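Notes for the one structure printed next.
Quick caveat, the model's predicted, so the values are computed rather than measured. Numbered from 1 within each chain, the chains take letters A, B, ... in sequence-line order.
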Amino acid sequence: MPRYEARRIESKWQAYWETHRTFELNAEQARADQEKLYVLDMFPYPSGEGLHVGHPEGYTATDIVCRYGRMRGKKVLHPMGWDAFGLPAEEYAIRTGTHPAVKTYENIDTFRRQLKMLGFSYDWSREFSTTDPDYYRWTQWIFLQIFDTWYDPEFAWTGPDGKSRQGKGRPISELPIPPDVAAQGETAVRRYQDKNRLAYQHEAPVNWCPALGTVLANEEVIDGKSERDGHPVKRIPLRQWMLRITSYADRLANELEELNWPESIKLLQRNWIGRSEGAEVDFFVGDKTAFEDWKASRAKAGFPKEPGEDVLRIYTTRPDTLFGVTYMVLSPEHPAVDQLTTAEHRAAVDEYRRQASLKSDMDRTELAKTKSGVLTGGYAINPVNGQPVPVWIADYVLISYGTGAIMAVPAHDVRDWEFAVKFQIPITPVVQPPANYDHSKDERELVRVVDGREEYPFGGLGTAINSGAYSGLATMEFKARISADLAAGGIGKTAVNYRLRDWLFSRQRYWGEPFPIWHELDANGQPTGLLRADTPESLPIELPPMADFKPTGTPEPLLSKAPAEWLYKTLPDGTRLKRETNSMPQWAGSCWYYLRFIDPKNSKTFLDPELAREWLPVDLYVGGAEHAVLHLLYSRFWHKVLFDRGHVGTPEPFGRLVNQGMILGEAELTGYQDQAGQFISANQVTAGPEAGPEFVLKRLGTPVGAVKLIADQVIKQGNDFVLAAEPEIIVESRTFKMSKSRGNVINPDVVVREYGADALRLYEMFMGPLEATKPWNMSGVEGIARFLARVWRMIADEKSETICLNPAVQDIPPSPEQLRFLHKTIAAVTHELDTMGFNTAISRMMEFVNEMTPQEPRPKSILSPFVLLLSPLAPHLGEELWELLGHTSSLAYEPWPKFDSSLLVESEVEIPVQVMGKLRGRVKVPVGAEQSVVEELARNDANVGQFLTGKNVVKVIFVKDRMVNFVVK
RNA sequence: GCCGGAGUGGCGGAAUGGCAGACGCACUGGAUUCAAAAUCCAGCGGGGUUAACUCCCCGUAUCGGUUCGACUCCGAUCUUCGGCACCA
């Protein structure tokens, strides 16, 4: 009575693949002369919750591509590993006292078991975790490479990819040392080098999260709260490690061009990098007579690299509005604030700066609606017209962007306008808008009425007015002209800025990679600021044994509690050294794992160059869009440094990127009731205030209860769902992200137990396009399980006691129709797999089964190729049926079925007949029939004739084998 | 606010300029069964019409346009999801 038994079949073939090492790519195969296919999943963080249904979505897609690739004769690299450093394991350690490694490797075991249960064709011999010392040894090694590199923006060169570039990461030993630095001796040279490295230390306000006991990157802070768990974040100054990703900003933006990535992701990255072109301009600080001298000296000496104490350097994208400057703003943290502040304003300035320093990013965002600031009392001189302008400080200017100082042109910048209106600063228009200009929404909101006339800020392009000799120029021309004039006068220069900031690379946690860096100590045990790097031979720097993982409660890193023998050492020359006690962020390990998979066991180098040439770049990379910027930008950055330093030969790590869409929970119907139990339409209800009732009436704010409804209680009316019993009441129908709190999480273990791994795989692929967000539906899984059972019965005998072929399956020649149907299916499925159209590939196979199952007898020669088509998607069932059809070895490397296009040609085709573009009939014609033949037949069609009689056919549109259309008058 | 994606039956979706709704789910009716499950068969956007699955009208968020012909291309609007949000 063997029905389709997923569990029996799946465990049998999983054991088979494991013992036969079916999917391992050994050293010889890796170098074989075959087309390569490197397919990579974004490796998971092995959380304590285990696998989520979102994981198998991408993993199934890549598995299908790999299995299909093998059958197409490619050598396939398909690895899996674990991104296992990070907070949850450490938090668990804090709670329980268990070492993070213990919990981490436990979780990994669970994940591995779950993934194997789904039958993915990973080469498990390549598995590693980012927490393995054998792995993070090389993470540290790459850090040392970055530390050993400086960026030379002028350097023109041709890379191993044959492309010419300007700008290169070069060894620090090649950094030119300015003579004045060299003259100061070796220590000065070392400090100069340290300042120029791609990995450098920097004291800056950071996002300190007391609850997590760590500093977070800007990217990890959302609305002033930690991205993970939403703990509050404060800004405090701290010495941190930074990676100079901004040096690569242009290349990271420009080289997106050649990648086969979704355009939306490329755009996201470009916006994140946020390149802006403008000019830096120096405003002289001093009196008017000194100003003329300064101008003269600048005209001679040119624009200096560092601004010096006698000027305020600003960045602007609109140098053409210089004549409209009516004030300047420094960010509260700007170093020149002290010097500029007059005695009269000292107290107010100090208070404002104190307030600003206390403000978290969240407070700043909340208060963004109103501008704030205070006068310093200082003045600077506008270089284009010699006018002194007052200098303010305000927190709408950020220290981390541009020069931390702006020239304010209220007439042409909405923020400056708002500020100027509030503080009654003059507004001088210097750009005339085009005649037909419509103000933007932003601009209209800021309208003010002066002498009965409406005035608006204007941020667009126009014609210069009130701008001295430049008046009358168009904005773009003005910009170019004045930039050149400023440069000639040594007062300004063109400059580029990025929204992207350098990458804050240190964390204060235990469970991360230690830095391979030492700090030199002076006689008092204080750091001198000089650094020593560990040698590559001394790697890995393993995490010290520790029993207490409680945060220090201060920004002092947890590793500062490490044993002294780990923390300190003395060099033969007597220099005392202390280890860097920060650890690397979780991104570090995931920045380069795709490289290690190519050569995971190598103990001599992080990646054999020959293998790198063979396998890079990754051909297909699949994962969630949540990594659209951070991980993908960081990885690309590291890869480019390794490229510049000659360690990899491709400029980009991931050739093709596909983002799988999110899987949402099952759709939920919600009705709303007031306190009396009376139903209320969903459009009257809105989310309640924070810490109040969850839902309230829109108009009255009174609390409203939500009840879950079942499908029978609801009907569709127009665009709304309404109560069947009270059709005037609109109910809400929507889907939500899966979350523990909502209780709509689907556990893949349960699905596999109930329906089998093949059913789960197939269902996730059948739900819709891979990239789309789509809701889960358990009866859809049942439908897929039914399909698999139908496939089983098409080939296997369900009535027999033993597992054997269905008696209808026979060694007979196929009929021409069967053969054509098979070849149509092969052609369609092949095309769908090539374009990753898995949902439609499955539809085609369903059609095949619907067509073949009723037929008896069924020729084996038709069913065998079908099993091959099915096998990448449902590999367990595929193998089982393949065996049943008399084959003795795995189908994993069986050649993919070819289709004969001559068999696809039908002799007759039915084509639609349209009159004025409306379908009025169909005619059957031989394939390739000429217009005259088809037209004749079409005119004779009774129904078509009805629409032609009494009309004048003015034109006939004919597309061979597709359609015919009569245009009549 | 800005940027990007998406709106097609009760639901997931298919069709990317040429027969709208493939395939699946749900539902309805029937067969089988003592009964049920499973399975099999049929129907399934709305309205009208016919002796006839006959034919007609409407229909892919809304409004307008291009075209012999538009779910598909263009313009505007609405809704929704995602990202960014004082970046000078």
Side-chain angles (χ1 to χ4, degrees), chain A residues 3 223 262-265 267-268 270-272 274 276 278 314-318 321 329 364-365 367-369 371 394-398 400-409 413-416 418-419 440-442 445 459 497-501 625-626 628-629 661-662 664 666-667 711 714-716 719 721 733-734 763 766-769 771-784 786-787 789-790 793 798 837 839-840 842-847 850 853-854 910-922 942-943 946 954-957 959 962-968:
Chain A
R3 288 195 182 174
D223 286 342
E263 280 308 315
S264 59
I265 300 288
L267 196 69
L268 224 54
R270 281 199 196 97
N271 291 344
W272 192 266
S276 95
I314 59 93
Y315 171 74
T316 178
T317 54
R318 293 293 300 271
T321 60
V329 186
R364 283 201 181 194
T365 320
L367 296 171
K369 290 151 211 144
K371 294 276 180 291
D395 64 6
Y396 82 91
V397 173
L398 309 174
S400 49
Y401 185 76
T403 60
I406 62 160
M407 63 180 213
V409 187
D413 180 288
V414 289
R415 294 151 302 180
D416 296 348
E418 198 189 340
F419 191 86
S440 71
K441 201 164 184 181
D442 269 0
E445 273 171 14
N497 263 296
Y498 304 94
R499 212 189 69 92
L500 180 72
R501 309 296 150 84
E626 67 272 20
V629 272
M662 206 190 327
L664 304 173
E666 299 216 21
V714 171
I715 52 168
K716 179 112 179 191
N719 286 326
F721 284 90
S733 165
R734 55 167 299 195
Y763 173 65
F766 188 61
M767 290 170 85
E771 290 93 333
T773 304
K774 47 221 167 234
W776 187 269
N777 177 359
M778 204 50 101
S779 44
V781 187
E782 269 174 65
I784 285 290
R786 273 204 286 274
F787 164 67
R790 237 173 13 246
R793 287 196 302 271
E798 201 173 38
N839 54 335
T840 41
I842 294 167
S843 301
R844 296 308 203 130
M845 290 192 270
M846 286 174 167
E847 285 172 359
N850 291 345
T853 309
E910 194 184 62
I911 68 170
V913 181
Q914 298 175 352
V915 179
M916 295 302 283
K918 281 195 189 259
L919 178 71
R920 296 303 179 190
R922 299 182 178 84
N943 197 45
Q946 225 178 297
V954 294
K955 197 173 171 189
V956 180
I957 313 279
V959 184
R962 295 289 292 209
M963 52 80 60
V964 59
N965 183 17
F966 294 95
V967 185
V968 297

### Message
Is the ring pair Trp776(A)/Tyr763(A) parallel, tilted or perpendicular, if the boundaries are 30 and 60 degrees?
### Response
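Geometry flag for Tyr763(A) against Trp776(A): perpendicular rings.
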### Closest-nucleotide 5' rank along RNA chain B - winner of Glu445(A) and Gln946(A)
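Checking each residue's closest nucleotide, the 5'-ward one belongs to Glu445(A).
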### Query
When the nearest nucleotide of RNA chain B is assigned to Gly404(A) and to Asn965(A) on a heavy-atom basis, which residue is associated with the more 5' position?
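That would be Asn965(A).
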Would you say [N] has OP1 or OP2 under 4.0 Å from some side-chain N or O of [X]?
{"X": "Arg920(A)", "N": "rC57(B)", "answer": "yes"}
{"X": "Arg790(A)", "N": "rA38(B)", "answer": "no"}
{"X": "Asn271(A)", "N": "rA85(B)", "answer": "no"}
{"X": "Arg793(A)", "N": "rA38(B)", "answer": "no"}
{"X": "Arg499(A)", "N": "rA85(B)", "answer": "yes"}

Under 4.0 Å between any heavy atoms, over every strand shown, what does [X] touch: base, sugar-phosphate, or nothing? Just pick one.
{"X": "Gln914(A)", "answer": "base"}
{"X": "Asn850(A)", "answer": "sugar-phosphate"}
{"X": "Leu267(A)", "answer": "sugar-phosphate"}

So if I take every side-chain heavy atom of [X] and compare against [options], which nucleotide ends up nearest?
{"X": "Trp272(A)", "options": "rC3(B), rC84(B), rA22(B)", "result": "rC84(B)"}
{"X": "Arg922(A)", "options": "rA88(B), rC19(B), rG4(B)", "result": "rC19(B)"}
{"X": "Lys441(A)", "options": "rC58(B), rG1(B), rC23(B)", "result": "rG1(B)"}
{"X": "Lys371(A)", "options": "rC86(B), rA88(B), rC58(B)", "result": "rC86(B)"}

#### Entry: Watson-Crick or G-U pairs under 3.5 Å in RNA chain B, rendered as dot-bracket with [ ] for crossing pairs and | for another strand
(((((((..(((.....[....))).(((((.......))))).((((......))))..(((((..]....))))))))))))....
### Query
Would you find a donor on one side and an acceptor on the other, under 3.5 Å apart, between the side chain of Arg3(A) and the backbone of Ala789(A)?
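No, because the side chain of Arg3(A) does not come within donor-acceptor range (under 3.5 Å) of the backbone of Ala789(A).
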### Task
Mark yes or no for whether Asn497(A), through its side chain, and Ser276(A), through its backbone, hold a donor-acceptor pair below 3.5 Å.
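No; zero donor-acceptor contacts below 3.5 Å.
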### Rounded distance (nearest 0.5 Å) linking atom CE of Met767(A) with atom NZ of Lys774(A)
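One gets 6.5 Å once the value is rounded to the nearest 0.5 Å.
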## Note on the structure
For nucleotides 5-14 of chain B, 5' to 3', base contacts (B), sugar-phosphate-only contacts (S) and non-contacts (-) with protein non-hydrogen atoms under 4.0 Å give -----SSBSS
